[in-house]
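Here is the structure we will look at, set down as structure tokens.
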Protein chains: 2
Amino acid sequence: MPPRRPLTLRDVSEASGVSEMTVSRVLRNRGDVSAATRDKVLEAARTLGYVPNKIAGALASQRVNLVAVIIPSLSNMVFPEVMTGISNVLDETDLQPVVGVTNYQPARAEKVLYEMLSWRPSGVIIAGLEHTDAARAMLRSADCPVVEIMDIDGDPVDAMVGISHRRAGRMMAQAIVEAGYKRIGFLGTKMPLDHRARKRFEGFTEALAKAGLEVEDQQFYEGGSGMTKGREMTAEMLKRCPDLDFLYYSNDMIGAGGLMYCLDQGIDIPNSLGMAGFNAVELLGGLPMQLATMDACRTEIGEAAARIIATRAEDPSGGGGECIELTPTVAHGDTLRAV
Amino acid sequence: MPPRRPLTLRDVSEASGVSEMTVSRVLRNRGDVSAATRDKVLEAARTLGYVPNKIAGALASQRVNLVAVIIPSLSNMVFPEVMTGISNVLDETDLQPVVGVTNYQPARAEKVLYEMLSWRPSGVIIAGLEHTDAARAMLRSADCPVVEIMDIDGDPVDAMVGISHRRAGRMMAQAIVEAGYKRIGFLGTKMPLDHRARKRFEGFTEALAKAGLEVEDQQFYEGGSGMTKGREMTAEMLKRCPDLDFLYYSNDMIGAGGLMYCLDQGIDIPNSLGMAGFNAVELLGGLPMQLATMDACRTEIGEAAARIIATRAEDPSGGGGECIELTPTVAHGDTLRAV
DNA sequence: GTGAAAGCGCTAACAG
DNA sequence: CTGTTAGCGCTTTCAC
């Protein structure tokens with residue numbers, strides 16, 4: 001057995017007695033090749049176990065079938081769902097998503113972006129509208145479509161697809177006000193790290209203000225959002241302010257923890273206390289009570305974003321600056337009184 | 001503004017008055033370059049907004065800093081945790097993970113693998129030991145380290161890192177037997193789709209048999225494992241076999257759903273009924289009762305796998321065929337009586 | 001329908 | 001410390 005050297009087109013060419021060029025044509029289903037030649041080539045390629053070298057191919061053709069997807073985390077169920085949407089659409093094309101994770105760190109985001117752009121992807125899908133100056137500069141001069149997703153409250157570099165978190169916050173506030181709750185507490189992530197949560201909170205307080213109300217107590221946390229965290233924070237807040245009649249959580253996981261705590265305590269939900277989260281986490285479907293929440297249209301966002309990239313990959317001249325706003329809906333569940 | 005053409009080294013070379021080769025050295029921190037030249041180059045590169053073309057670089061250097069990670073799903077929290085482990089280690093190197101998702105479909109796995117191998121990655125990390133013949137063939141002839149993860153009950157193509165699911169099943173069975181439970185039901189995914197669950201089940205029944213017991217009832221499902229599913233299945237099984245005294249679930253999510261159901265029903269856990277899952281999902285920390293479970297060492301698996309790749313990337317001659325078995329531990333939680 | 005030549009943008013290897 | 005030369009493996013372009 002000769003020292004293993006990666007197979008090249010030339011090997012297939014020699015094995016099949018067909019020129020490299022024609023082998024290349026066959027392997028890419030390009031141009032007219034006689035059935036006989038095609039068979040010879042495919043046969044040779046398969047028995048050799050040839051895998052084309054996309055690096056060389058991409059360099060020569062100036063075409064890369066990769067789409068860079070840059071997200072803050074995989075642990076937050078939101079992003080896997082966005083990925084599902086993206087895959088749903090890209091699977092129909094020859095584009096391939098490549099995922100980069102930033103862990104909510106702007107510095108990492110910059111590095112991941114740089115790294116991915118250096119592979120000259122056919123498109124970039126990136127979470128959020130807030131980026132460092134350097135990242136924005138890279139996105140702007142990237143020679144491919146850029147879709148910023150999840151959020152539309154801001155100025156995109158190119159295209160954007162998402163929901164208005166400010167509006168989402170307002171909608172939830174309105175539902176709460178309409179249901180007659182008055183003494184409202186907020187529990188969520190530390191804002192500077194989470195722009196979308198901040199915008200929801202802003203919309204939320206704004207709509208409360210319009211109804212003459214304000215948030216009576218608030219508490220912020222850092223780190224992973226498990227149910228444990230929600231449980232602890234809820235216990236603390238209710239100890240501090242026992243007369244609250246509603247708790248608004250920045251996401252469903254901590255909300256579910258809070259809900260479990262309240263049920264343990266025998267609190268009468270949703271009458272003496274209402275609760276709501278954000279994000280419609282379906283994993284939580286089995287809880288004894290359904291938390292009020294709001295669907296953030298994650299799969300749809302991924303699909304729409306991917307569609308923009310795919311469309312422009314087909315026709316690079318068209319498109320640009322697309323802006324797609326999706327509309328979330330409030331689910332009252334069992335923890336927010338209907339009116 | 002001239003028609004936008006991607007910047008090349010030559011542009012930086014011209015802008016800085018330094019040869020392409022030296023520019024290249026600076027940008028890669030390679031070899032000795034005088035501080036003066038270095039500054040000129042970096043300055044020029046930054047103001048131009050140059051991003052190197054890794055495609056060309058990789059072709060020339062025959063080196064790619066990508067590690068292909070192939071996993072069945074992102075929705076199953078297991079895999080994001082493995083990814084965390086991988087990132088923990090690769091972040092210290094210049095290697096970059098690239099994720100491909102197969103959705104548990106062998107055909108997709110083949111395609112994703114082919115696609116990734118065609119980019120000539122520095123390593124492959126792939127979930128499971130079971131692959132189609134074509135996939136195995138590709139892995140075998142891939143010219144890079146291949147680490148199969150999660151499971152070690154089988155023959156690896158090259159290296160493997162994981163736990164023995166058969167042993168995990170046995171361990172849980174022993175804990176259950178020792179605790180004195182006798183009438184045991186099993187609820188899990190359809191086996192042909194999930195080799196690791198199957199192996200756990202095999203080990204489980206084997207250890208039960210050794211204690212003179214067998215599974216009294218079992219039920220399988222397909223599709224996403226949310227708490228809802230676990231709740232429904234549990235209700236059905238307990239209706240069918242009300243005298244069961246233990247329920248073993250193939251994962252924590254459905255187990256948690258079952259637990260919620262039983263608590264709703266006022267069943268006395270863990271006395272009249274014990275329960276256990278698999279995978280130590282920490283998101284569930286806030287439930288009123290902690291499900292007995294078993295840690296599958298996901299982060300550690302990712303770390304160990306990445307370390308193998310990183311080590312071999314440094315010294316391509318060394319290594320090969322590493323096999324790392326990690327040992328899970330049983331957590332009794334509140335749903336499995338201690339002895 | 002098929003082949004030959006040129007070069008994609010970078011880096012290895014060597015020369016100064 | 002810096003520059004020159006020759007490809008990396010494929011596809012584009014053009015010729016037959």
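Values reported hereafter were calculated over all heavy atoms of this structure, with side chains retained and with hydrogens, waters and symmetry mates removed. Residue numbering restarts at 1 for every chain, and letters A, B, ... go by the order of the sequence lines.
Atom CZ in A:Arg10 sits about 15 Å away from atom P in D:dT11, given to the nearest Å. The interatomic distance linking B:Glu20 (CD) with D:dC1 (P) rounds to 22 Å, in whole Å. Spacing between atom CG of B:Leu9 and atom P of C:dG9 amounts to 10 Å, rounded to whole angstrom units. Distance CD1 (A:Ile55) to C1' (C:dT11): 13 Å, rounded to an integer number of Å. Between the CG atom of A:Asn65 and the P atom of D:dT11 there is a distance of 12 Å, rounded to whole Å. Between B:Leu7 atom CG and C:dG9 atom P there is a gap of 11 Å when expressed in whole angstrom units. Here D:dT12 presents its C1' atom at 11 Å from CZ of A:Arg30, a figure rounded to the nearest Å. Per the geometry, CZ belonging to B:Arg28 stands 11 Å off P belonging to C:dA13, to the nearest Å.
Residue order along DNA chain D, read from the 5' end via each residue's closest nucleotide, puts B:Val18 first among B:Val18 and A:Gly57. A residue-by-residue look at A:Ser61 and A:Thr22 shows that A:Thr22 has its nearest nucleotide of DNA chain C further toward the 5' end.
A sub-4.0 Å separation between OP1 or OP2 of D:dG9 and a side-chain N or O of B:Gln62 is present. Using a 4.0 Å cut-off, no side-chain N or O of A:Tyr50 falls inside it from OP1 or OP2 of D:dG9. At D:dG9, none of the side-chain N or O atoms of A:Thr8 fall inside 4.0 Å of OP1 or OP2 (strictly under the cut-off). Residue A:Ser24 has no polar side-chain atom (N or O) positioned under 4.0 Å from OP1 or OP2 of D:dC10. Regarding contacts with the backbone of D:dT12, a side-chain N or O of A:Arg63 is found under 4.0 angstrom from either OP1 or OP2.
For the residue pair A:Glu303/A:Asn88, the side-chain donor-acceptor check at 3.5 Å is satisfied. Using modelled atom types and a 3.5 Å distance limit, the side chains of A:Ser34 and A:Arg38 yield no donor-acceptor pair.
Under 4.0 Å is where a charged nitrogen must lie from a carboxylate oxygen, and between A:Lys111 and A:Glu115 no such pair does. Salt-bridge annotation for B:Asp155 and B:Arg136: absent, with no side-chain N of the basic residue lying under 4.0 Å from a carboxylate O of the acidic one.
Within 4.0 Å (heavy atoms only), B:Asp32 reaches at least one base atom of the nucleic acid.
In this structure a side-chain-to-backbone donor-acceptor pair under 3.5 Å is present from A:Asn65 to A:Asp94.
Side-chain proximity of B:Val33 to D:dT11, D:dG7, D:dT2: nearest is D:dT2. Side chain of B:Thr37, nearest nucleotide from D:dC1, C:dT2, D:dC10: D:dC1. Distances were taken from every side-chain heavy atom of A:Met21 (C-beta onward) to each of D:dT2, C:dC10, D:dT12; the shortest belongs to D:dT12.
Between the side chain of B:Arg25 and the base of D:dG3 there is at least one donor-acceptor pair of N/O atoms closer than 3.5 Å.
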